[in-house]
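Just follow the structure's listing: the first ligand is 1, and inside any ligand the first atom is 1. What you are looking at is a predicted structure, and each value in this text was computed from that prediction instead of being measured.
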Amino acid sequence: MALLDLLKHRKSVRNFLGRPVEREKITMCLEAARVAPSACNSQPWRFVVVDAPPLKNKLCDAAFSGIYSINSFCKMAPVIVVVISEKSNFLARIGEMFRGTKYYLIDIGIACEHFVLQAEELGLGTCWIGWFNEKAVKSVLNIPQRKKIDILIALGYYDREKLGSEHDREPIDKIASFNAY
Ligand SMILES: Cc1cc2nc3c(=O)[nH]c(=O)nc-3n(C[C@H](O)[C@H](O)[C@H](O)COP(=O)(O)O)c2cc1C
């Protein structure tokens with residue numbers, strides 16, 4: 001698929017099929033994330049792929065209960081990818097300090113979108129998940145509490161028929177201009 005078609009084809013999936021996802025496909029998505037650019041080539045990420053059903057269920061129960069239960073649809077997803085925001089390298093951190101820009105979040109965003117788009121190309125659905133019980137995720141996966149987890153990705157096969165058709169987005173003339181603000 002041409003890139004723009006792929007971008008327009010992708011939509012957040014919140015209704016997954018039970019079918020397990022092949023490790024080779026997950027690895028391709030990880031490879032797509034691996035080659036993402038990052039400030040000072042810092043690569044401040046680590047991906048923990050949770051696809052073992054008992055652990056995945058335990059993770060979802062912990063991550064999406066109480067005030068986070070709006071995301072409990074993730075329990076249907078056969079794979080949850082936990083993205084740990086690792087410490088950036090020295091140069092990137094110096095840059096962050098001087099510019100007041102969280103480069104590491106930009107980096108994580110790009111890497112995750114690479115992952116998501118590769119998944120889309122493989123016929124897999126994803127949903128970015130920013131609303132979850134971070135502390136509980138760390139406890140279940142024995143990730144040190146001092147680490148930061150900014151985002152999860154739910155991944156799995158899905159039924160395209162159950163997705164809406166249109167993207168709800170602002171028109172180009174509202175979000176961009178040439179040669180002036
Ligand atoms: C950083 C980020 C966090 C998000 N967190 C959630 C979330 O916690 N739960 C959810 O259902 N969708 C979440 N989304 C998905 C957005 O709601 C979705 O991308 C947006 O509404 C546009 O719809 P589309 O992805 O289908 O084009 C998140 C997306 C991003 C980029």
Side-chain angles (χ1 to χ4, degrees), residues 1-18 21 29-30 32-33 36-39 42-50 56-86 88 96 101-141 143 147-172 174-176:
M1 219 187 275
L3 181 58
L4 194 53
D5 292 335
L6 183 78
L7 298 176
K8 288 184 175 176
H9 197 257
R10 185 219 57 82
K11 290 183 70 67
S12 291
V13 170
R14 298 186 180 86
N15 213 318
F16 293 92
L17 304 176
V21 180
C29 296
L30 291 169
S38 56
S42 196
Q43 304 166 67
W45 46 63
R46 179 158 178 106
F47 300 85
V48 176
V49 178
V50 181
K56 199 272 303 176
N57 292 338
K58 191 176 168 193
L59 177 68
C60 286
D61 286 342
F64 308 119
S65 60
I67 57 167
Y68 303 102
S69 52
I70 191 169
N71 280 331
S72 51
F73 67 86
C74 290
K75 294 178 185 176
M76 274 187 283
V79 184
I80 301 289
V81 182
V82 176
V83 186
I84 297 130
S85 305
E86 296 287 359
S88 301
E96 287 197 357
T101 299
K102 290 190 167 73
Y103 293 121
Y104 84 90
L105 280 179
I106 299 175
D107 300 340
I108 295 276
I110 298 169
C112 288
E113 190 62 5
H114 274 206
F115 185 104
V116 158
L117 293 174
Q118 179 59 73
E120 183 68 32
E121 213 241 345
L122 292 167
L124 292 160
T126 54
C127 192
W128 287 71
I129 302 295
W131 184 243
F132 60 92
N133 186 332
E134 182 181 358
K135 208 170 165 196
V137 169
K138 291 180 205 166
S139 296
V140 170
L141 297 176
I143 296 167
K147 296 278 181 183
K148 184 76 188 119
I149 302 171
D150 290 299
I151 204 80
L152 311 177
I153 300 171
L155 173 74
Y157 287 99
Y158 67 106
D159 184 353
R160 185 97 202 153
E161 308 274 288
K162 292 194 174 150
L163 288 184
S165 53
E166 279 303 305
H167 277 111
D168 176 21
R169 296 292 193 273
E170 301 289 357
I172 287 188
K174 204 166 170 195
I175 61 152

Taking every non-hydrogen atom, the tightest pair across [X] and [Y]:
X	Y	value
Ile151	Cys112	CG2-SG, 3.7 Å
Glu96	Tyr103	OE2-N, 3.0 Å
Gly18	Pro78	O-CB, 4.3 Å

Within the 4.0 Å heavy-atom shell around [X], which atoms of ligand 1 are there?
X	answer
Asn71	7 (C), 8 (O), 9 (N), 10 (C), 11 (O)
Ser12	15 (C), 18 (C), 19 (O), 24 (P), 25 (O), 26 (O)
Cys127	10 (C), 11 (O), 12 (N)
His167	27 (O)

Quiz item: Does Gly130 reach ligand 1 with a nitrogen or oxygen that is under 3.5 Å from one of the ligand's nitrogen or oxygen atoms?
Solution: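 Looking only at distances, the answer is yes, because the N/O contact criterion of under 3.5 Å is met.
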
Quiz item: Are any of the N or O atoms of Lys11 closer than 3.5 Å to those of ligand 1?
Solution: no

Practice problem: May I ask whether atom 10 (C) of ligand 1 is less than 4.0 Å from at least one protein heavy atom? | Solution: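 Given the 4.0 Å limit, the answer for atom 10 (C) of ligand 1 is yes, a protein heavy atom qualifies.
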
Side chain [X], main chain [Y], donor-acceptor under 3.5 Å:
X	Y	answer
Lys138	Lys147	yes
Trp131	Ile67	yes
Asn71	Phe64	no
Lys8	Leu3	no

Quiz prompt | Carboxylate-amine/guanidinium proximity below 4.0 Å for Lys11 and Glu120 | solution = no

Quiz item: Looking only at protein heavy atoms, which one is nearest to atom 12 (N) of ligand 1, and how far off is it?
Solution: Arg14 NH2, 3.1 Å

Practice problem: Give the residue, atom name and distance (to 0.1 Å) of the protein heavy atom nearest atom 1 (C) of ligand 1. | Solution: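 Ranked first by proximity to atom 1 (C) of ligand 1 is Ile151 CD1, 3.7 Å.
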
Quiz item: What do we get for Arg169 next to ligand 1 when only non-hydrogen atoms under 4.0 Å count, side chain, backbone, both or neither?
Solution: side chain

Quiz item: Out of Trp128, Phe64, Phe132, Phe73, whose heavy atom sits nearest atom 7 (C) of ligand 1?
Solution: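 Looking at heavy atoms only, the winner is Trp128.
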
